[in-house]
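Here the structure is laid out as structure tokens; the discussion comes afterwards.
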Protein chains: 2
Amino acid sequence: MDKELPIQQVAAKTGLSIHTLRYYERLGLMASIHRLPNGHRRYSEDDLEWIDFLKCLRSTAMPVAEMQRFAEITRQGESTVRERRELLEAHQHTLSLALQEMQQTLAIIEAKIAHYRSLERKHHDAEKIVDEQQSTMKESKR
Amino acid sequence: MDKELPIQQVAAKTGLSIHTLRYYERLGLMASIHRLPNGHRRYSEDDLEWIDFLKCLRSTAMPVAEMQRFAEITRQGESTVRERRELLEAHQHTLSLALQEMQQTLAIIEAKIAHYRSLERKHHDAEKIVDEQQSTMKESKR
DNA sequence: TCTTGACCTAGAGTGTACTCTAGGTTGTAT
DNA sequence: ATACAACCTAGAGTACACTCTAGGTCAAGA
């Protein structure tokens, strides 16, 4: 089973739009997608895997230019393994810093949410007191 | 000590550019920065705190439109505490999903790096073998 | 035969978030 | 008096990553 998929199905599977798939190919992010005699693309399993990896890189905010570099040296073969590793290590570093920052920010946001909750509670309590006063007043009216 | 800072120093302290500070104000992300009689801005401690929080939101990819909403309802005062909390909770949710995804991606990238390392090791070993063969050949030449 | 639908290319258009420019004012130092 | 530095506004320009359009090909079904 080496079923090759048309672009539409690849879009469905990967979540990238057809436009984006063609755009990425134009940018040189994907080498040599197989074509039918009529020019239509057929994507292999390997292509899908590569696209998944591209998605990993993009979803973690690697700039497209860097992905182009990565794709280019990957195409150049074995001799660039070291450069590829270094590129990924740089990204890994960026990423783990970003992760740390996000965690800190998340904590700040959680604190703010907690603060709002306590404000809401106070507000709620204040209303209850008003209610009680009102019912006391009603009682005294009787 | 209620020293109010000119825009230049705020830029230096916050890491936002002077342009961005003015731009954010135009967008309504910051209410009522105090002005000198000549129209120059003076930022208070509170302003700086608010800017820091804006930075938190932006650095975690909250869209500017959402930040505008948040700023707007914050200006409206107490009555919007609940909506503010809900807005932040939504962001918190988005954020923790993003965090998870990043962690997964990080793992994938680490695996790829490890893979490259092992390729490099093999390559290195292969060279060593070639070296040994060469020195053996040299020896046999003697 | 004609229509439909999936595909193709090259290039134009869009949304987001800045970032910069032009032209002007003000306050201090020489 | 004049030069300068820091500030102001309104609006134009830019970078990035898509996203869409126009105009066309091709194969299968009514």
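A, B, ... follow the sequence lines: proteins, then strands. Residue 1 opens every chain.
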Atom pairs under 3.5 Å, N or O on each side, protein against nucleotides 15-23 of chain C: can you list them with distances?
unit_1: dA17(C); atom_1: OP1; unit_2: Val64(B); atom_2: N; d: 3.2
unit_1: dC18(C); atom_1: OP2; unit_2: Tyr24(B); atom_2: OH; d: 2.9
unit_1: dC18(C); atom_1: OP2; unit_2: Arg58(B); atom_2: NE; d: 2.9

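No engagement by Arg42(B) is indicated, since no non-hydrogen atom pair under 4.0 Å with the nucleic acid exists. No contact: Leu36(B) has no heavy atom under 4.0 Å from any strand.
For the ring pair (Phe, Tyr, Trp, His ring centres under 6.0 Å) test, no residue two or more places apart in sequence or in another chain qualifies with Tyr116(B).
A salt bridge links Glu25(A) and Arg35(A); the closest N-O separation between the charged side-chain nitrogens and carboxylate oxygens is under 4.0 Å. Here Arg82(B) does not pair with Glu120(A) in a salt bridge; the nearest charged N to carboxylate O distance is not below 4.0 Å. Under a 4.0 Å N-O distance rule, the pair Arg69(A)/Glu83(A) qualifies as a salt bridge.
Judged by distance alone, with hydrogens and angles left aside, the side-chain atoms of Asp52(B) form no donor-acceptor pair with the main-chain N or O of Glu49(B) at under 3.5 Å.
In this structure, the side chains of His93(A) and Leu97(A) come closer than 4.5 Å at one or more pairs of heavy atoms.
Look at CG on Leu54(A): it is 11 Å from P on dC18(D), rounded to the nearest Å. Rounded to a whole Å, the CD atom of Glu25(A) is 16 Å from the P atom of dC18(D). Going from atom CD of Gln9(A) over to atom P of dA6(C) covers 11 Å, rounded to whole Å.
Contact annotation: Arg35(A) does not reach the phosphate of dT25(D) (side-chain N/O to OP1 or OP2, under 4.0 Å).
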